[in-house]
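Structure first, then comments.
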Amino acid sequence: PGDGIGPEVIRQAQKVIDAVTERGFDLEYEYCLAGGACIEQTGIPIETSTIEKTSAAGAVLLGAVGAPEYDHLPIAQRPEQAIMQLRKTLGLYANLRPVKTIKSLYPTSPLKTNLIENADLIVVRELTGGIYFGTPRGIILDNRTSYAFNTEIYHDYEIRRIAAVAFETARKRHRKITSVDKANVLESSMLWRQIVSETALNYPDIKLEHMYVDNCAMQLIRDPSRFDVILANNMFGDILSDESAMISGSIGLLPSASIGEGRLGLYEPVHGSAPDIAGQNIANPCAAILSVALMFRYSLGSEKIAQAIEKAVIRTLEKGLRTADITFNDNQSISTDAMGDHITKELEKMLAANQLPAIGD
């Protein structure tokens, strides 16, 4: 569950998981410490035993990590290192962040309805390379001058494998990729563009375009419906995927999946720990619940259940039920717990009536 609102939203995700298991899906889960919650008890962001357990699991569900009271610690000791270690150790090099607008929530987006009504995109972000992991890095302090440095580094195989994920993803969608870089000034982006272009030769059915990251940031707001799959490195993908949250209306609606070569994946809401609202029972649990849907899709082998969970969220929102972040026109909001209960009830109705989407697992 992690920190901040993590435990609150994971409780709602657990309700959805329990509803599925009660209908016969064989699934067991256990809780582990990560982030600030782990620092409080053990002094480190994540224990080796936890990483070993996740390595043996079918999937990992994470609430959120991070809290301002740990900002004074060295980077290697902060709560965020828990997720960084999990991604690196488990080989989860691809982060998938789908963004699809829901008609009943059009008014919650700061963008005009005519811009977002056809928006349906996914950001494919490289997750274990780039400037977040590159070395050397550091801060140099002396009496004359101080400076800091980070290293952006990508090997050809790192680019090739994330590009393959993007092309395979596009093949299941609308067959268009926008590869984002800064190849006019960065050598790492020059190699990125070269390798992505070479990979495209293996996918003649996919349309590829290259776009500078600053232009992409602008186009996401100007015309989000022009995008299908956005392929980006670690830092650019981090920024663009958070920007895309405003297309949907709230970052509290966006799930994510971090995957690698096998079926094991790490699933988490995009929103972070939000310590300013922690403990108030007002956080939006939809992103955590939709992350469970991605978990069933990518790791647990049930597309039917994944779509049922997504449909339960949409049906709940279509009824006008809202948490504080997505209310409008002075509508009254409901609590985190209440939203989780309503979504679970919608899912249970479908499961009881065997109203799962009519597609094969």
Side-chain angles (χ1 to χ4, degrees), residues 1-23 25 27 29 31 37 61-65 67 98-110 245-246 248-256 267-296 305-353 355-357:
D3 309 320
I5 63 172
E8 299 173 58
V9 298
I10 289 297
R11 278 197 296 271
Q12 313 316 312
Q14 180 188 339
K15 294 174 183 177
V16 169
I17 294 172
D18 289 344
V20 175
T21 57
E22 287 171 5
R23 302 301 298 184
F25 193 98
L27 175 66
Y29 57 84
Y31 285 92
L61 181 64
L62 177 70
V65 294
V99 180
K100 188 173 184 178
T101 53
I102 300 172
K103 186 175 183 180
S104 59
L105 293 182
Y106 285 170
T108 67
S109 174
M246 291 299 94
S248 68
S250 171
I251 201 169
L253 296 167
L254 296 189
S256 76
Y267 303 88
E268 58 177 318
V270 174
H271 53 58
S273 61
D276 56 320
I277 62 170
Q280 300 179 40
N281 200 24
I282 61 173
N284 189 339
C286 288
I289 292 171
L290 290 170
S291 294
V292 172
L294 296 182
M295 182 176 74
F296 276 100
I305 293 175
Q307 291 199 17
I309 294 171
E310 291 165 347
K311 187 65 175 178
V313 172
I314 293 172
R315 287 183 178 180
T316 301
L317 295 172
E318 286 176 344
K319 290 182 176 181
L321 297 167
R322 304 281 185 270
T323 45
D325 60 313
I326 51 175
T327 55
F328 53 91
N329 294 334
D330 297 321
N331 291 338
Q332 186 175 3
S333 62
I334 63 175
S335 68
T336 306
D337 288 335
M339 180 63 86
D341 288 340
H342 283 288
I343 293 172
T344 302
K345 288 178 181 177
E346 287 295 331
L347 177 61
E348 287 173 340
K349 290 178 185 176
M350 284 187 280
L351 294 173
Q355 293 180 351
L356 297 179

Beyond-backbone contact of [X] with [Y], side-chain heavy atoms, under 4.5 angstrom:
X: Cys286; Y: Thr323; result: no
X: Ser104; Y: Arg322; result: yes
X: His271; Y: Asn284; result: no
X: Asp325; Y: Ile251; result: no
X: Gln332; Y: Thr327; result: no
X: Val292; Y: Val20; result: no
X: Pro269; Y: Ile5; result: no
X: Asp18; Y: Thr21; result: yes

Going through the checks in order, is the side-chain contact (heavy atoms from CB on, under 4.5 Å) test met by Lys319 and Glu346?
CA-CA 11 Å; Lys319 290 182 176 181; Glu346 287 295 331; 2.2 Å; yes

Could you pull out the closest heavy-atom pair between [X] and [Y], with the gap in Å?
X: Ala293; Y: Glu310; result: CB-CG, 3.8 Å
X: Ile277; Y: Glu8; result: O-OE2, 4.4 Å
X: Ala288; Y: Ala13; result: O-CB, 4.2 Å
X: Thr108; Y: Phe328; result: CG2-CD2, 3.4 Å
X: Leu253; Y: Ala287; result: C-CB, 3.8 Å

Apply side-chain contact (heavy atoms from CB on, under 4.5 Å) to residues Ile314 and Lys103 and explain how you reach the verdict. CA-CA 9 Å; Ile314 293 172; Lys103 186 175 183 180; over 6 Å; no

[atom1] of [X] to [atom2] of [Y]: how many Å apart, nearest 0.5 Å?
X: Ile289; Y: Ile17; atom1: CD1; atom2: CD1; answer: 10.0 Å
X: Leu321; Y: Thr316; atom1: CG; atom2: OG1; answer: 6.5 Å
X: Lys15; Y: His342; atom1: NZ; atom2: NE2; answer: 10.0 Å
X: Gln12; Y: Ile10; atom1: CD; atom2: CD1; answer: 9.5 Å

(Q) Walk me through whether Leu351 and Glu22 qualify under side-chain contact (heavy atoms from CB on, under 4.5 Å). (A) CA-CA 10 Å; Leu351 294 173; Glu22 287 171 5; over 6 Å; no

Determine, for Glu318 against Arg315, whether the closest basic-nitrogen to carboxylate-oxygen distance falls under 4.0 angstrom.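 So Glu318 does not pair with Arg315 through a salt bridge.
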
Evaluate the criterion side-chain contact (heavy atoms from CB on, under 4.5 Å) for residue pair Ser248 and Leu254; output intermediate values, then yes/no. CA-CA 8 Å; Ser248 68; Leu254 296 189; 3.8 Å; yes

